[in-house]
Amino acid sequence: SGNITSVANITATGTLSLTGTSGTSTIASGQGFTIGTSQFVVQQTSGRVGIGTTSPQAKIEIYGSSGLEQGIRISADSEQAYHDLRSWTSEASNSGFSDMRRARGSIASPTIVQSSDMIGQLIFRGWDGVADQYAAKILVEVDGTPGLNDMPGRIVFQTTNDGASSPTEKMRITNVGNVGIGTTTPGALLAVHGNALFSGNLNVANITATGTITLSGSSPLSFTNSATSTVAMTNGLNFDSNTFVIDPNSNRIGIGTTTP
């Protein structure tokens, strides 16, 4: 019913239970608190908690060397599972954030990452009745050769097609800001490999088409410029097979014929 002090070691072969009338049990130690070698550690001075490590570098640090030992799982039964990051500050640029980092090598001896190495990812999966299947992924990868103060990156968006269980790439943003849809090597700010539909107005300074531009609907095709509008087509211009044809070689115009 009193206090036990100046004890070198306490060995319990059963359950060690700590209770107090105030509802709070306190273990005070000049060396902190450790369970096992490093399974659970509370540092005395810093108040940091380490799971799998005796030298946590943050308020809570979890360390593992294989499998899922280094992970954190949040589960909820019949409720939403979530993590909540909150920040109270007057600084406009300060907020809650997730920080994903990657190095090759080990903690003791990290080495530089290489081109196409994955830095981090967000994974979305759904239950198919038997197991969780991938629905989508967002990947961040090294996009080029990294070096000192030089870390080129890209963002890759993947979704799973209907009838499949593995996501495939649908869009990416490269290190220079080019967006590719249907291509992994976009050579312009926007590169779409496949069909594209614009249901509204499309206003552009220049259009370069390597295939066919098809216009449908009642809206006309208009060229508007403060000075001169130019349509440059290497292989000429053809409206509706032979309704209106411009031959680029002879500079002739054909109406109702393709060979004026």
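All residue numbers refer to positions in the sequence shown, counting from 1. As the structure is a prediction and not an experimental result, all values here were calculated from the model.
Here the closest heavy-atom approach between residue Ser115 and residue Gly144 is recorded as CB-O, 3.0 Å. When all heavy atoms of Pro146 and Pro152 are compared, the closest pair comes out as CA-CD, 4.0 Å. Nearest approach of Ala136 to Thr160, heavy atoms of both residues: N-OG1, 4.4 Å. Of all heavy-atom pairs between Val245 and Thr257, the closest is CG2-O, 3.5 Å. Heavy atoms only, all atoms of each residue included: Gly182 and His193 are closest at O-CB, 3.5 Å. Between Ala103 and Pro110, the shortest heavy-atom distance links the atoms CB-CB, 4.0 Å.
Under the side chain to side chain donor-acceptor pair (under 3.5 Å) criterion, Asp132 pairs with no residue, sequence neighbours left out. Residues satisfying the salt bridge (Lys or Arg N to Asp or Glu O under 4.0 Å) criterion with Glu61, sequence neighbours excluded, are absent altogether. Annotation: side chain to side chain donor-acceptor pair (under 3.5 Å) contacts of Asp84 (sequence neighbours excluded): Arg86. Residues meeting the salt bridge (Lys or Arg N to Asp or Glu O under 4.0 Å) test with Arg104, sequence neighbours left out: Asp117. The side chain to side chain donor-acceptor pair (under 3.5 Å) search around Ser165 returns none, not counting sequence neighbours. In this view, Asp99 and Arg101 satisfy the salt bridge (Lys or Arg N to Asp or Glu O under 4.0 Å) rule, not counting sequence neighbours. Taking the side chain to side chain donor-acceptor pair (under 3.5 Å) definition, one finds that Arg48 meets it with nothing, sequence neighbours left out.
Atom CG of Asp128 has more than 12 heavy atoms from other residues, nucleotides or ligands within 6.0 Å. At most 12 heavy atoms of other shown residues, nucleotides or ligands fall within 6.0 angstrom of atom CD in Glu79.
Taking 4.5 Å as the limit, some side-chain heavy atom of Lys170 sits within range of a side-chain heavy atom of Asn161.
Through direct or relayed side-chain contacts under 4.5 Å between Ile, Leu, Val, Met, Phe, Trp and Tyr, Phe157 connects to Met100, Val113, Ile119, Leu122, Phe124, Ile138, Val140, Val142, Met151, Ile155, Met171, Ile173, Val179, Ile181, Leu190, Val192. Under the 4.5 angstrom side-chain criterion for Ile, Leu, Val, Met, Phe, Trp and Tyr, the cluster partners of Tyr134 are Ile123. Other members of the cluster containing Ile112 do not exist, because no ILVMFWY side chain is joined to it at under 4.5 Å. Residues near Val41 contribute nothing to a hydrophobic cluster around it, because no ILVMFWY side-chain heavy atom sits closer than 4.5 Å to its side chain.
In this structure, OG1 on Thr259 lies 9.5 Å from CZ on Arg252, to the nearest 0.5 angstrom. The distance from the CD atom of Gln43 to the NZ atom of Lys59 is 10.0 Å, given to the nearest 0.5 Å. Atom OG1 of Thr53 is separated from atom CZ of Phe40 by 13.0 Å, given to the nearest 0.5 angstrom.
Counting only residues at least two apart or on different chains, the side chain to side chain donor-acceptor pair (under 3.5 Å) pairs with a member in residues 140-151 are Glu141-Arg154, Asp143-Arg154, Asp143-Asn175.
When hydrophobic clusters are built by joining Ile, Leu, Val, Met, Phe, Trp and Tyr residues whose side-chain heavy atoms come closer than 4.5 Å, directly or via intermediates, Leu85 is not grouped with Tyr82.
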